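Note that the structure is a prediction, hence the values are computed from the model and not measured.
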Amino acid sequence: MQLANRLDQLPPYLFLEISRKIAEKRAQGMDVISFGIGDPDIPTPEHILTALKTTSDDPPNHRYPESDGLPEMRQAIARWYTRRFDIELGDKEIVPLIGAKEGIGHMALCLIDPGDIALVPDPAYPVYSVGTMFAGGTSYMMPLLEENAFHPDLSLIPEDVARKAKVLWFNYPNNPTGALATPELFEEVVAFAKEYDIAVCHDACYSEVTFDGYVAPSFLQTPGAMDVGIEFHSLSKTYNMTGWRIGMAVGNQQLIDALVRVKSNLDSGIPQAVQYMGIEALDNTTPQWLAANNEVYRKRRDRVVDVLTAIGLQVNRPKSGFYIWARCPDGWTSAQLATELLDKHAVVVTPGRGYGEAGEGYIRLSLTTPDERVDEGLRRLEGWRLPDAPAG
Ligand code: PLP
């Protein structure tokens with residue numbers, strides 16, 4: 001049996017060594033605390049679960065859903081976009097997704113032919129480049145550097161690469177850096193996309209997880225953005241719904257139509273009872289609930305940032321998302337620091353290198369760990385002095 005070459009092209013699994021060590025430590029009876037994966041520990045709100053319970057009894061919801069979702073779901077997304085961003089979307093400018101990840105992966109098949117280039121941020125959520133590779137394309141990495149507010153510098157993209165590129169991916173509020181977009185960045189991306197005839201895919205999955213009064217904009221609010229781009233959203237982060245698998249893409253009709261065509265050949269949509277959860281989430285979740293939910297992360301953020309700063313790490317205090325992006329001290333690679341934290345304190349963090357070359361030199365801590373576990377993890381780090389950097 002021979003597997004496809006593309007499986008060999010998957011990036012090396014950088015977390016493998018850490019996963020192995022976690023299993024080893026747990027087998028030794030150690031209490032390992034994970035700041036690794038970004039997966040809310042707080043349950044889905046009751047009113048959303050009730051929507052699932054009531055609609056799952058209804059036999060029409062036991063049948064194949066449509067790939068482009070229930071009309072009621074598309075309407076709920078349109079209402080939410082109007083309320084949230086003051087953007088009016090037509091029915092053909094919306095497609096519900098089996099989570100944003102599904103749409104991001106499938107989008108590559110809409111835009112990339114073998115030999116094509118995708119412009120992809122580095123560090124980034126890995127699916128942009130993996131989807132590109134699965135479609136036979138190559139990712140041209142745009143480094144997100146701290147000195148440039150973790151924004152891509154489009155002026156550094158060589159002319160021949162820009163001419164060959166089919167799509168530009170970007171993501172704000174950003175995972176893993178916690179960086180925010182500016183209107184200028186969005187305008188620059190629209191102008192760049194128009195100049196080189198490139199589609200833009202903006203991933204806004206963290207737009208509702210915000211703190212300190214920050215309100216995240218939509219890329220589609222930028223003049224001209226609807227001509228060139230679409231935006232991906234997720235209900236996973238906003239409503240603690242990672243397990244239910246629901247998100248959406250909205251924007252340029254041609255791009256949405258392409259995505260629906262690919263999806264209808266490869267998946268059969270979101271279970272309808274889950275779409276009713278989505279409708280309930282978008283229509284009826286109160287701003288008070290959202291504020292209280294975000295406050296949980298805000299408090300964890302402050303505790304984690306304070307302790308990391310006290311032990312000498314240089315750390316951001318993000319206004320959005322649930323990740324702390326901390327700079328490794330001089331001489332430490334991200335994998336070495338992650339291993340040190342695991343070995344000495346049984347605390348799991350993600351090495352930044354796992355998100356791309358430009359992620360080297362940073363570690364990421366996720367805030368989706370229950371309060372008492374966060375406290376325990378921080379207790380282990382308080383007062384700790386990082387030893388000298390390992391040799392080599
Ligand atoms: N985009 C980014 C930047 C993410 O961090 C994640 C999940 O971690 C996703 C997309 C996937 O979201 P979903 O659960 O809707 O598939």
Side-chain angles (χ1 to χ4, degrees), residues 15 18-19 21-23 25-26 30-53 99-101 125 173-178 205-212 216 233-247 274 277-278 280-282 285-308 315-326 338 341-342 345-351 354-355 363-382:
F15 307 101
I18 293 213
S19 307
K21 286 202 163 189
I22 295 173
K25 299 251 178 273
R26 289 204 165 126
M30 276 181 84
D31 175 27
V32 178
I33 295 181
S34 179
F35 292 98
I37 197 163
D39 186 357
D41 55 301
I42 310 165
T44 307
E46 200 54 47
H47 69 108
I48 300 175
L49 293 172
T50 302
L52 172 76
K53 288 170 193 159
K101 184 179 194 176
Y125 182 60
N174 186 258
N175 170 19
T177 67
C205 284
Y206 294 92
S207 69
E208 307 314 298
V209 184
T210 56
F211 324 114
D212 307 337
H233 266 287
S234 173
L235 275 60
S236 292
K237 324 287 175 181
T238 315
Y239 307 110
N240 307 329
M241 288 179 70
T242 45
W244 301 111
R245 311 310 304 134
I246 185 161
V274 175
M277 297 174 84
E280 175 64 27
L282 292 171
T285 303
T286 63
Q288 292 76 12
W289 180 88
L290 195 59
N293 199 55
N294 286 341
E295 182 61 7
V296 174
Y297 297 124
R298 205 269 311 152
K299 284 190 181 144
R300 290 178 189 169
R301 175 201 68 173
D302 285 346
R303 290 210 301 276
V304 171
V305 168
D306 291 347
V307 170
L308 293 183
V315 189
N316 63 359
R317 196 181 291 267
K319 288 191 185 332
S320 179
F322 24 67
Y323 306 110
I324 305 299
W325 190 237
L341 288 166
L342 183 57
H345 303 288
V347 164
V348 176
V349 303
T350 312
Y355 301 93
I363 52 169
R364 194 195 78 168
L365 286 86
S366 165
L367 301 172
T368 54
T369 300
D371 287 341
E372 60 282 7
R373 302 295 288 161
V374 171
D375 286 344
E376 169 58 24
L378 295 179
R379 246 193 312 276
R380 294 180 191 180
L381 300 183
E382 262 163 348

Rounded distance [0.5 Å steps], [atom1] in [X] versus [atom2] in [Y]:
X: Leu378; Y: Leu308; atom1: CG; atom2: CG; value: 7.0 Å
X: Leu341; Y: Ile33; atom1: CG; atom2: CD1; value: 12.0 Å
X: Thr285; Y: Ile48; atom1: OG1; atom2: CD1; value: 4.0 Å
X: Thr242; Y: Leu235; atom1: OG1; atom2: CG; value: 11.5 Å
X: Arg379; Y: His345; atom1: CZ; atom2: NE2; value: 14.0 Å
X: Tyr239; Y: Leu282; atom1: OH; atom2: CG; value: 4.5 Å

Please report the closest heavy-atom contact between [X] and [Y], naming both atoms and the distance.
X: Val315; Y: Ala326; answer: CG2-CB, 4.1 Å
X: Ser320; Y: Thr210; answer: OG-CG2, 3.7 Å
X: Thr238; Y: Glu208; answer: CG2-CB, 3.3 Å
X: Ser207; Y: Ala216; answer: O-CB, 3.5 Å
X: Asp41; Y: Pro370; answer: OD2-CA, 3.3 Å
X: Ser234; Y: Cys205; answer: CB-SG, 3.5 Å

Tell me if a side-chain donor or acceptor on [X] pairs with a main-chain N or O of [Y] at a distance below 3.5 Å.
X: Asn316; Y: Thr177; value: yes
X: Arg301; Y: Leu367; value: no
X: Arg364; Y: Tyr323; value: no

Kindly write out the residues that satisfy side-chain hydrogen bond (donor to acceptor under 3.5 Å, both in side chains) with Asn294, not counting sequence neighbours, or none if the list is empty. none
For Trp244, check side-chain hydrogen bond (donor to acceptor under 3.5 Å, both in side chains) against everything at least two apart and list the hits.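 Partners of Trp244 under the side-chain hydrogen bond (donor to acceptor under 3.5 Å, both in side chains) test: Thr44.
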[Y]/[X] salt bridge by N-O under 4.0 Å criterion:
X: Arg373; Y: Glu376; answer: no
X: Asp302; Y: Arg298; answer: yes
X: Arg303; Y: Glu382; answer: no

Do [X] and [Y] have side chains that get closer than 4.5 Å, going by heavy atoms?
X: Leu49; Y: Met277; answer: yes
X: Pro43; Y: Asn240; answer: no
X: Val32; Y: Leu342; answer: yes
X: Ile37; Y: Ser366; answer: no

Quick one: list whatever passes salt bridge (Lys or Arg N to Asp or Glu O under 4.0 Å) with Asp39, sequence neighbours left out. none
Starting from the C-alpha separation in whole Å, work towards a yes-or-no answer on side-chain contact (heavy atoms from CB on, under 4.5 Å) for Asp371 and Arg300. CA-CA 7 Å; Asp371 287 341; Arg300 290 178 189 169; 2.7 Å; yes
Partner residues of Phe322 under the ring pair (Phe, Tyr, Trp, His ring centres under 6.0 Å) criterion, sequence neighbours left out: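 Ring pair (Phe, Tyr, Trp, His ring centres under 6.0 Å) list for Phe322, sorted by chain: Tyr206, Tyr297.
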Please, which pairs that meet salt bridge (charged side-chain N to carboxylate O under 4.0 Å, His left out) have at least one residue in residues 236-247, sequence neighbours excluded?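 Salt bridge (charged side-chain N to carboxylate O under 4.0 Å, His left out) check on residues 236-247 returns no pairs.
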May I have all residue pairs that pass ring pair (Phe, Tyr, Trp, His ring centres under 6.0 Å) and include part of residues 31-53, sequence neighbours excluded? none
